[in-house]
Each structure stands twice: as C-alpha cells, then as structure tokens.
Amino acid sequence: MSDSGDVAVARALTTWFRRHGRVLPWRVRGRSSRRDGYRTLVSELMLQQTQVSRVLAHYEAFVARFPDVRTLAHAREQSVLAAWSGLGYYRRAKHLHGAAKMIHHEHQGRVPCDVASLGRLPGVGAYTAGAVASLAFDRPEAIVDGNVSRVLQRLNGRRESAADAGAWAWAAADALVRSACAVGLSPGDLNEALMELGATVCTPRGPRCGACPVRDRCVARASGSQEDIPLPKPTSPRRRLHCASVVAVDGRGRVLIEQRGPDGLWADMWQAPTLERLDRPPTRSELAEYVLGRAADAGMLRRAGGFEHQTTHRRVRFVVYTARSVPAGDGRVLKSSRALSAIPISNAQRKVLAMAGVG
DNA sequence: AAGTCGGGGCA
DNA sequence: TGCCCAGACTT
C-alpha cells in the first residue's frame with residue numbers, strides 16, 4: 001500500500017474510532033487525559049487470548065483490589081490468583097504479579113513507557129509491549145494481535161500463510177503507524193481503532209462491511225474474498241482427560257480442598273480432591289484409595305453427577321462424587337463455602353463444587 | 001517450529 | 001461440533 005493510502009486509512013480509522021469506539025473501563029482517561037499505565041498493563045494481560053466480554057467480568061474487581069503497582073507488588077500470589085479465578089491462562093496472573101514486583105523494584109513503581117523495558121517484564125511480549133507503549137504513553141509503536149492481523153490482511157487483500165502472517169502484519173502495521181504519526185495522528189488512537197474495527201466490524205465471520213470506514217479501500221471486499229481471509233489456523237485434536245473428584249463436607253459445612261502441583265493444567269490452583277487419568281476414568285477403588293486411603297472404602301463414595309469441560313487442548317470428562325468423614329491433613333484443608341471465593345479455583349472445579357451443592 | 005496454557009460464545 | 005479470541009513462554 002502506498003504512503004498516501006496509509007494516511008487516508010489512518011485518518012478514516014481514527015475518525016471512526018472517536019465516534020464508534022466502545023466505552024470500556026480501561027479506556028477511561030483520568031485528569032491527565034491519558035490512560036494510566038498500570039491499569040493499561042492489567043487490562044492487556046487480561047485481554048491476551050481473551051474476549052472483552054469475559055475481561056469485563058473481572059477487571060474492575062481486580063483493579064479495586066490491587067489499585068496500583070505497589071499494592072500488587074506486595075500482594076501474595078495466592079490472592080492475585082484468586083482475583084484471576086475464572087479468567088483462565090492463570091500463568092498470566094503470575095506474570096502480572098512478577099511484572100508489578102519488577103516495576104516496583106527496578107522502575108520506582110512507574111510502568112515503563114518504552115518497548116524495550118516493557119518487553120523485559122514477565123508476560124509482556126511484542127504485542128503487549130507495543131500496546132502499553134502506544135495506548136498509555138502514545139509512543140509511535142505498532143501492535144499486531146489477531147484483530148489487527150485480520151484487518152490488515154483483508155484491507156490489503158493478502159492471505160498469508162501461518163508462517164508468514166506475523167512478519168507481514170508487523171511490517172504493515174509499522175508502516176501504518178508511521179504514516180499516522182507523520183500527519184499528526186495519535187498512534188494510540190490508531191492502534192485502538194484497528195483493534196476495535198476487528199472486534200466489532202471486521203469480525204472473523206460475517207464482517208459488517210457496510211459499517212466499515214475503510215470499505216472503499218479494502219482489496220478483499222472489492223473481490224468479495226473477505227470471508228476467506230485469514231487462512232484458518234491449523235488445529236490439533238483435543239486430547240482426552242478423565243477427572244474424578246470427591247466433594248467432602250464435614251459436620252460444620254466445611255469443604256475439603258487440595259492444591260494442584262506447580263506445573264501443567266491449572267497449576268497451583270485449588271480443587272476438591274481429584275484423581276486424573278489420560279486413558280480411562282479412575283475407578284471407584286482408585287479414587288477411594290486416593291481420598292480415603294483405603295480402596296475397600298469405595299462404597300462410601302456417592303456419585304453426584306458428571307459433566308464435560310473443554311479447554312483449547314483438552315476435552316475433560318469430570319465425574320463428581322460426594323463423601324463424608326474424609327480426613328484432612330497431608331496438604332488437604334477444610335474451608336467454609338463462604339471462604340472459597342477468596343481461593344484460586346478454576347471454573348471447572350467451581351462446577352464440580354456446584355454439582356455437589358457447594359458454593 | 002511446535003506444544004502448552006482456560007474458558008466461553010457463536011454459527 | 002469447530003473456530004476464535006487485545007499472546008507468551010518453553011522445549
């Protein structure tokens with residue numbers, strides 16, 4: 001695309017965004033008429049691979065609980081994970097916590113505004129560094145996420161292979177930001193407009209081309225190929241996982257929970273005692289052995305139900321049992337059902353507890 | 001370059 | 001059901 005074309009696109013997108021951009025909590029500007037770096041960083045970590053509608057359910061409570069870098073840096077990781085519960089990709093919460101510590105100790109508590117420093121923070125890659133730098137500090141940095149890549153490929157009539165899409169999109173985004181800056185437009189506004197267009201108009205399926213501010217400059221639309229761009233990502237089949245959980249409630253209504261290991265799925269999250277197998281469901285005896293210490297006590301387990309839970313790479317089948325008089329200790333602790341809201345628990349395990357009438 | 005990490009919404 | 005989402009990190 002020519003430079004003059006880029007300038008026209010940048011102008012049209014920026015103007016459109018001012019009129020049609022959604023009001024989102026992390027876009028609200030303070031008295032400085034600029035976005036807060038910390039709040040922007042929090043939102044960008046939450047938004048990695050996660051839709052706006054899902055982040056809305058957690059963002060405000062999170063920044064209310066951890067209003068600034070110092071508060072988050074001094075928090076316990078478990079309480080950060082608890083505030084992240086339900087959002088998924090829990091490693092991001094640990095990364096954000098680590099980033100706050102690094103900012104507190106190495107940047108005097110101020111979120112850095114250059115992509116080099118931002119990129120050294122845990123959990124901050126090329127996209128997030130560019131996003132914080134441009135959106136919060138109006139630095140002339142490009143960003144490419146799924147939305148931007150799709151918008152730029154369609155606009156230019158490209159259908160890049162998965163291997164080439166990244167490099168091509170970054171070059172195109174970079175050229176566009178430079179053109180915008182050259183005529184005095186805000187790089188932050190341009191980047192946000194690109195993402196907003198992808199999220200609300202130039203959607204993966206059923207794009208609303210009639211509402212697009214750059215439809216007359218879109219090569220894909222001219223040829224009617226917008227639905228064929230971008231190429232679908234190669235998908236690997238979901239592997240199966242079988243989980244059997246025991247929800248044990250004592251005489252005072254407290255629930256027994258245990259913590260998962262530090263690696264793999266739902267790392268460090270808490271759960272009702274759960275046994276996992278890749279190939280087949282655990283047997284009742286195996287479960288009784290795991291929870292009660294005696295395979296012969298399988299009769300004490302009462303089946304409460306089951307459900308299917310999906311993640312990107314797994315198809316998890318849960319079977320839920322209830323039991324009485326299960327011993328605590330050995331890492332297992334009793335918690336009142338009211339206290340569970342302050343403990344890191346995945347949505348899958350919330351379903352397990354709900355199925356047994358807890359929560 | 002490929003695998004892993006959640007979870008929900010939508011055609 | 002399959003696909004996608006304001007990606008990053010490890011191997």
Side-chain angles (χ1 to χ4, degrees), chain A residues 21-22 24-27 35 39-59 81 84-96 98-99 118-136 141-151 161-167 169-170 173 188 191-200 202-207 227 230-239 241 260 262-269 307-316 344-351:
Chain A
R22 293 168 293 180
L24 299 171
W26 47 90
R27 283 181 180 160
R35 283 169 58 155
R39 293 171 66 97
T40 301
L41 183 65
V42 171
S43 70
E44 290 304 334
L45 267 290
M46 284 190 174
L47 286 160
Q48 288 170 3
Q49 292 289 287
T50 305
Q51 269 131 344
V52 166
S53 60
R54 309 226 48 254
V55 172
L56 284 174
H58 294 85
Y59 174 79
L81 272 178
W84 205 273
S85 289
L87 257 180
Y89 285 163
Y90 297 97
R91 197 167 43 186
R92 295 179 297 170
K94 300 175 186 177
H95 286 156
L96 178 57
L118 285 163
R120 280 183 221 114
L121 301 173
V124 178
Y127 162 78
T128 306
V132 174
S134 65
L135 302 184
E141 302 289 349
I143 59 174
V144 173
D145 67 345
N147 286 318
V148 174
S149 177
R150 181 176 61 255
V151 168
S161 69
D164 300 336
W170 277 98
N191 284 338
E192 200 137 35
L194 275 169
M195 290 191 290
E196 186 76 355
L197 189 76
T200 64
C202 196
T203 49
R205 277 159 308 192
E227 297 265 20
L231 285 169
K233 287 180 186 168
T235 170
S236 54
R238 285 188 171 94
R239 285 174 302 138
L241 180 65
R260 295 178 64 85
D263 300 309
L265 194 64
W266 298 311
D268 292 325
M269 304 291 281
F307 63 91
E308 199 81 29
H309 183 85
Q310 306 243 83
T311 76
T312 302
H313 293 95
R314 313 221 188 214
R315 176 186 239 81
V316 190
I345 298 175
S346 70
N347 269 11
Q349 282 290 327
R350 303 256 181 222
K351 281 192 253 177

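Small disclaimer: the values here were computed from a predicted structure and weren't measured. Quick note: numbers below take in every heavy atom, side chains included, and nothing from hydrogens, waters or symmetry partners. Sequence lines set the chain letters: A, B, ... in the order given, protein chains first and strands last, and positions in each chain run from 1.
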Do Thr50(A) and Arg92(A) get their side chains close enough for a donor-acceptor pair, meaning under 3.5 Å?
yes

Under 4.0 Å, heavy atoms only, any strand: does Ala267(A) hit a base, just the sugar-phosphate, or nothing?
nothing

Least distance between heavy atoms, Asn347(A) atom then Gly86(A) atom:
OD1-CA, 3.2 Å

Within the structure shown, what part of the strands sits under 4.0 Å from Trp26(A) by heavy-atom distance: base, sugar-phosphate, or nothing?
base

Within the structure shown, what part of the strands sits under 4.0 Å from Arg350(A) by heavy-atom distance: base, sugar-phosphate, or nothing?
nothing

Would you say a side-chain N or O of Gln48(A) is under 4.0 Å from OP1 or OP2 of dG7(C)?
no

Distance alone, cut at 3.5 Å: any donor-acceptor contact between the side chains of Gln48(A) and Tyr127(A)?
no

Does the side chain of Arg239(A) get closer than 4.0 angstrom to OP1 or OP2 of dG3(B) through an N or O atom?
no

Arg91(A) CZ - dG3(B) C1' separation (whole Å):
10 Å

Rounded to whole Å, how long is the line connecting atom OH of Tyr89(A) with atom P of dC5(B)?
9 Å

Arg150(A) side chain: which of dC9(C), dG7(C), dC5(C) is closest?
dC5(C)

Establish, with yes or no, whether the OP1 or OP2 oxygen of dC5(B) is under 4.0 angstrom from a side-chain nitrogen or oxygen of Arg314(A).
yes

Glu44(A) to Val132(A) - nearest heavy-atom pair and separation
CG-CG2, 4.3 Å

Among dT1(C), dA6(C), dG6(B), the one nearest Arg315(A) by side-chain distance:
dT1(C)

NA contact type, Thr128(A), heavy-atom cut-off 4.0 Å: base, sugar-phosphate, or nothing?
sugar-phosphate

Using whole Å, what does the distance between atom P of nucleotide dT4(B) and atom CZ of Arg92(A) come to?
19 Å

Does a side-chain N or O from Lys94(A) land closer than 4.0 Å to OP1 or OP2 of dC5(B), or not?
no

Reckon Thr235(A) touches a base, only the sugar-phosphate, or nothing at all at heavy-atom distances under 4.0 Å?
sugar-phosphate

Heavy atoms only, 4.0 Å cut-off, all strands: where does Val148(A) land among base, sugar-phosphate and nothing?
nothing

Please produce a list of atom pairs where a protein N or O lies less than 3.5 Å from an N or O of nucleotides 9-11 of chain B.
none

Just how far, in rounded Å, is C1' of dG7(C) from CG of Leu121(A)?
15 Å

Is the shortest side-chain N/O distance from Asn147(A) to OP1 or OP2 of dA6(C) below 4.0 Å?
yes

Using a 4.0 Å heavy-atom cut-off across all strands, classify Leu87(A) as base, sugar-phosphate, or nothing.
base

Regarding Leu24(A), tell me which of base, sugar-phosphate or nothing describes its non-hydrogen contacts under 4.0 Å with the strands shown.
base

Tell me whether the side-chain N or O atoms of Ser346(A) pair up with the base of dG6(B) as donor and acceptor below 3.5 Å, since no angle test is needed here.
no

Any His309(A) side-chain N or O less than 4.0 Å from OP1/OP2 of dG7(B):
yes

Does Asn191(A) place a side-chain N or O at less than 4.0 Å from the phosphate oxygens OP1/OP2 of dA6(C)?
no

For Arg150(A) and Pro230(A), which heavy atoms make the closest approach, and how far apart are they?
CG-CD, 3.5 Å

Need one value for Gly206(A): base, sugar-phosphate or nothing, where a base atom within 4.0 Å counts as base even if backbone is also close, heavy atoms only.
nothing

Looking for any heavy atom pair under 4.0 Å, which part of the strands does Gly86(A) touch: base, sugar-phosphate only, or nothing?
sugar-phosphate

Measuring to OP1 and OP2 of dG7(B), would you say a side-chain N or O of Tyr90(A) lies under 4.0 angstrom away?
yes

Whole angstrom is fine here: how far is it from CD in Glu308(A) over to P in dG6(B)?
17 Å

Where the side chain of Lys233(A) is defined as all heavy atoms beyond and including C-beta, which of dC4(C), dG8(B), dA8(C) is the nearest nucleotide?
dC4(C)

